[in-house]
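So the structure is just underneath, and the comments pick up after that.
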Amino acid sequence: GENVEQHPSTLSVQEGDSAVIKCTYSDSASNYFPWYKQELGKGPQLIIDIRSNVGEKKDQRIAVTLNKTAKHFSLHITETQPEDSAVYFCAALLSNSGYALNFGKGTSLLVTP
Amino acid sequence: ETGVTQSPTHLIKTRGQQVTLRCSSQSGHNTVSWYQQALGQGPQFIFQYYREEENGRGNFPPRFSGLQFPNYSSELNVNALELDDSALYLCASSKRQGTTNEKLFFGSGTQLSVL
């Protein structure tokens with residue numbers, strides 16, 4: 001089955017700096033890669049996603065890049081703000097299976113003022 | 001907010017008991033997935049329901065079972081509770097189109113504690 005590795009497990013940045021979280025996946029057939037943000041006491045919130053036919057996608061301060069050959073994808077947050085502090089999860093899915101999102105173990109991001 | 005609602009928010013049970021968790025999916029969605037999230041871990045897939053049938057299952061024993069109703073809401077049932085079942089249980093709804101099922105939206109979860 002799919003195995004998703006996520007690094008780092010914790011990340012501390014100063015407000016205004018950029019944050020980068022990286023993930024690798026094992027199943028080359030995976031074709032959908034979402035990122036979720038989870039705040040304390042809440043469920044994961046979808047913040048951005050990318051399909052395997054696209055190399056990069058951007059939404060305001062958030063961007064995701066995908067390297068299919070190397071089987072890795074990354075989340076980039078620019079101009080970080082304290083409210084970006086949360087746990088971020090990457091995931092991979094073989095979408096035509098209609099089944100499971102396989103999640104990484106999460107990155108706890110702390111943005112200090 | 002996603003529009004996915006789960007109840008109850010918290011639950012305490014003792015080992016050996018049975019529990020039922022409930023989920024109302026987001027309007028327009030036809031698929032419900034359940035995930036288990038242990039403390040400090042990513043969510044783990046339990047199973048998915050589409051057209052009121054189980055449509056895929058993760059590595060969970062048969063004592064984990066579910067239902068999906070005609071209005072697309074869903075239940076997760078766990079029998080013979082074990083201490084290791086203590087976790088946050090997340091429901092996610094999505095709109096399956098053909099064989100593609102992406103953009104899962106999660107509820108806030110039910111925190112289950114087994115004593």
Side-chain angles (χ1 to χ4, degrees), chain A residues 1-10 21 23-25 27 29-54 57 59 64 66 75 86-109, chain B residues 1-7 9-10 21 23-26 29-51 53-60 87-111:
Chain A
E2 175 68 274
N3 185 38
V4 178
E5 300 285 339
Q6 182 172 348
H7 299 280
S9 57
T10 61
I21 302 171
C23 289
T24 60
Y25 61 98
D27 189 344
S30 293
N31 55 3
Y32 174 67
F33 307 91
W35 285 88
Y36 286 85
K37 173 184 181 182
Q38 187 172 27
E39 296 174 283
L40 201 61
K42 297 186 178 180
Q45 174 195 358
L46 179 65
I47 56 172
I48 196 167
D49 55 7
I50 192 168
R51 293 181 180 82
S52 58
N53 58 349
V54 176
K57 182 177 179 181
D59 182 4
V64 57
L66 171 65
L75 177 71
V87 179
Y88 291 80
F89 292 96
C90 62
L93 173 74
L94 179 56
S95 65
N96 62 3
S97 77
Y99 301 152
L101 276 176
N102 291 285
F103 284 86
K105 290 189 174 182
T107 296
S108 179
L109 173 65
Chain B
E1 296 299 323
T2 63
V4 180
T5 59
Q6 292 188 242
S7 63
T9 55
H10 295 83
L21 311 181
C23 172
S24 294
S25 58
Q26 185 168 312
H29 287 182
N30 56 14
T31 302
V32 175
S33 305
W34 286 91
Y35 287 77
Q36 181 195 66
Q37 186 176 23
L39 193 63
Q41 301 293 317
Q44 296 289 317
F45 176 67
I46 304 175
F47 44 53
Q48 181 182 97
Y49 277 82
Y50 173 65
R51 291 185 174 177
E53 292 187 354
E54 188 178 291
N55 187 46
R57 189 178 186 93
N59 189 26
F60 281 83
L88 180 68
Y89 287 85
L90 296 162
C91 168
S93 78
S94 54
K95 184 174 183 178
R96 178 170 169 171
Q97 296 176 301
T99 58
T100 298
N101 183 46
E102 299 171 354
K103 295 192 184 296
L104 273 64
F105 294 92
F106 285 84
S108 293
T110 294
Q111 184 65 54

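A note on names: the letters A, B, ... follow the listed sequences, proteins ahead of strands, and every chain is numbered from 1.
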(request) Determine whether B:C91 and B:V4 make a side-chain contact, defined as any pair of heavy atoms from C-beta on separated by less than 4.5 Å. (result) yes
(request) Tell me, for A:Q38 versus chain B, whether the close heavy atoms (under 4.5 Å) come from the side chain, the backbone, both or neither. (result) side chain
(message) Need one label for B:Q37: side chain, backbone, both or neither, based on atoms under 4.5 Å from any heavy atom in chain A.
(response) side chain
(message) Would you say that A:L46 contacts B:F105 through its side chain, given a criterion of any heavy-atom pair below 4.5 Å between the two side chains?
(response) yes
(message) Need one label for B:L90: side chain, backbone, both or neither, based on atoms under 4.5 Å from any heavy atom in chain A.
(response) side chain
(request) Please report the shortest heavy-atom distance between B:S33 and B:L104, naming the atom on each side. (result) OG-CD2, 4.1 Å
(request) May I ask you to name which of B:G56, B:G109, B:P43 has the most heavy-atom pairs under 4.5 Å with chain A? (result) B:P43
(request) Under 4.5 Å heavy-atom distance to chain A, tell me which part of B:I46 shows up: side chain, backbone, both or neither. (result) neither
(request) Taking atom CD of B:Q44 as the centre, report whether more than 12 heavy atoms of other residues, nucleotides or ligands fall under 6.0 Å from it. (result) no
(request) On the 0 to 90° scale, with breaks at 30° and 60°, tag the A:F103-A:F89 ring pair as parallel, tilted or perpendicular. (result) perpendicular
(message) Is A:L101 in contact with chain B via its backbone, its side chain, both, or neither, using a 4.5 Å heavy-atom distance?
(response) both
(request) Would you mind telling me which of B:Y50, B:F47, B:Y35 has the largest number of heavy-atom pairs within less than 4.5 Å of chain A? (result) B:Y35
(request) Check the angle between the aromatic planes of A:Y25 and A:F33 and answer parallel, tilted or perpendicular using the 30° and 60° thresholds. (result) tilted
